[in-house]
A.B. asks: 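Following this message is one structure expressed as structure tokens.
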2 protein chains.
Amino acid sequence: MTEHETEALCAAVGLRLTRPRRVLLRVLREATDHPSADQIFARARAHDPAIALGTVYRNLGILEEAGIVTRHAFGEGYARYELATQQHGHIIDRDSGTVVEFTDPALETTLQAIAQARGFRLADYHVKLWGERE
Amino acid sequence: MTEHETEALCAAVGLRLTRPRRVLLRVLREATDHPSADQIFARARAHDPAIALGTVYRNLGILEEAGIVTRHAFGEGYARYELATQQHGHIIDRDSGTVVEFTDPALETTLQAIAQARGFRLADYHVKLWGERE
DNA sequence: TTTGGTGCAAATTCTTTGCAGACAC
DNA sequence: GTGTCTGCAAAGAATTTGCACCAAA
């Protein structure tokens, strides 16, 4: 996603484009990993030392609510965040903790069918695989 | 799982069958939902008022480590637990918060294939679907 | 100008841990 | 007996919130 796209998303939901918000979106756009709130805070500070941790949490919540950001729990005791772009699953390396993303059309179809068969309309999904490299 | 089975699992891992441990296993066996540590604590207290919250957390950790219990993060800010019986996914009702379990052989196959294709041996997985009843 | 947003710090919530005594084996 | 496990209480870690000031629109 480009700077323009993320900022347009905010505007569309009625969010003001404040300095901290702009910085957060930039940090998320530039992230290739799945940073924690703390990591995001540190990276944001590099761009603007005035940003407060509370502001980071507050906005991550707001952005998640708005569907712009996705929050993940990889079972480490804290949350990790990423821009909500295309739907995808995660493979977590048991040994290194590395997180690899993947997309799979067949999976998507299967999930859709599972939800439907149980009387649900599929709104969102989280698929996490833990594995060891072989 | 029966009382005998869960206790045999503990013995197999070298865990002593203490009173709190027995009570916790019973609470987990009798649970039809996915209780939080707090809920487990409350239910355990009903059987034995002497149990401490710290003991609950400590044992949930130990039992998870031993593969007897599974810890889930449904994105509520706390963890939920269940006995690790058959692998299965969860559908979370967006409106009510109800969690429905499901198993699906096709899904299992798909996940296996996805992991393999990326060079991983699938060790575990969490599949969570959020949906609205239709 | 008017609201929504911010930094700061204190408060909450969930979970972990140190320790002296108790109990399973 | 002895080494694990417990209850208790205090500590820790992650996240949320109240408030007075600031700045987008």
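Chain letters run A, B, ... following the sequence lines, proteins first, then strands; residues in each count from 1.
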A.B. asks: Atom CG of D48(B) and atom C1' of dC8(D): how far apart are they, to the nearest Å?
C.D. replies: 15 Å
A.B. asks: What integer distance in Å separates F41(A):CZ from dT16(D):P?
C.D. replies: 15 Å
A.B. asks: E7(A) side chain to H4(A) main-chain N or O, any donor-acceptor pair under 3.5 Å?
C.D. replies: no
A.B. asks: Can you name the atoms? Protein N/O to nucleotides 11-13 of chain D N/O, anything below 3.5 Å, with the distance.
C.D. replies:
none

A.B. asks: How many Å lie between CD on E76(B) and C1' on dT15(D), as a whole number?
C.D. replies: 15 Å
A.B. asks: Between protein and nucleic acid, restricted to nucleotides 19-24 of chain D and to nitrogen or oxygen atoms under 3.5 Å apart, what atom pairs and distances do you find?
C.D. replies:
from: dA24(D); atom 1: N3; to: R16(A); atom 2: NH1; distance (Å): 3.3

A.B. asks: With axes from five pairs an end, tell me the bend angle of the helix from dT1(C)-dA25(D) to dC25(C)-dG1(D), nearest 10°.
C.D. replies: 50°
A.B. asks: Quick check for you: among dT6(C), dT6(D), dC14(C), whose closest atom lies nearest to any side-chain atom of Y78(B)?
C.D. replies: dC14(C)
A.B. asks: Check this for me: does any side-chain nitrogen of one of R26(B) and E3(B) sit under 4.0 Å from a carboxylate oxygen of the other?
C.D. replies: no
A.B. asks: Separation of Q39(A) atom CD from dA14(D) atom P, in whole Å?
C.D. replies: 11 Å
A.B. asks: Whole-Å distance between dT6(C) C1' and R21(A) CZ?
C.D. replies: 10 Å
A.B. asks: Report the residues that fulfil side chain to side chain contact (heavy atoms under 4.5 Å, CB included) with A66(B), sequence neighbours left out, ordered by chain and then residue number.
C.D. replies: V13(B), I68(B)
A.B. asks: Side chains of L28(B) and E82(B): closer than 4.5 Å at any heavy-atom pair?
C.D. replies: no
A.B. asks: Expressed in angstrom and rounded to an integer, what is the separation of N59(B) atom CG from dT16(C) atom C1'?
C.D. replies: 13 Å
A.B. asks: Please answer: with hydrophobic residues joined when any side-chain heavy atoms are less than 4.5 Å apart, are F41(A) and V23(A) in the same cluster?
C.D. replies: yes
A.B. asks: Donor-acceptor pairs under 3.5 Å, side chain of residues 111-121 of chain B to any protein atom, not counting sequence neighbours: which ones?
C.D. replies:
from: R118(B); atom 1: NH1; to: I114(B); atom 2: O; distance (Å): 3.4
from: R118(B); atom 1: NH2; to: T103(A); atom 2: O; distance (Å): 3.4
from: R121(B); atom 1: NH2; to: E132(A); atom 2: OE1; distance (Å): 2.6

A.B. asks: What integer distance in Å separates Y57(B):OH from dC8(D):C1'?
C.D. replies: 16 Å
A.B. asks: Sequence neighbours excluded, which residues qualify as salt bridge (charged side-chain N to carboxylate O under 4.0 Å, His left out) partners of D48(A)?
C.D. replies: R19(A)
A.B. asks: Tell me which of D38(B) and L15(B) sits closer to the 5' end of DNA chain C, going by the nucleotide each one is nearest to.
C.D. replies: D38(B)
A.B. asks: Do L107(B) and W130(B) land in one hydrophobic cluster if side-chain heavy atoms of ILVMFWY residues count as linked below 4.5 Å?
C.D. replies: no
A.B. asks: Do V100(B) and F74(B) belong to the same hydrophobic cluster, where Ile, Leu, Val, Met, Phe, Trp and Tyr are linked whenever their side-chain heavy atoms lie under 4.5 Å apart, directly or via other members?
C.D. replies: no
A.B. asks: Taking atom C1' of dT6(D) as reference, at what distance in whole Å does atom CD1 of I62(B) sit?
C.D. replies: 11 Å
A.B. asks: Once you measure the plane-to-plane angle for H34(B) and H72(B), does it fall in the parallel (<30°), tilted (30-60°) or perpendicular (>60°) bin?
C.D. replies: perpendicular
A.B. asks: Distance alone, cut at 3.5 Å: any donor-acceptor contact between the side chains of Q39(B) and D33(B)?
C.D. replies: no
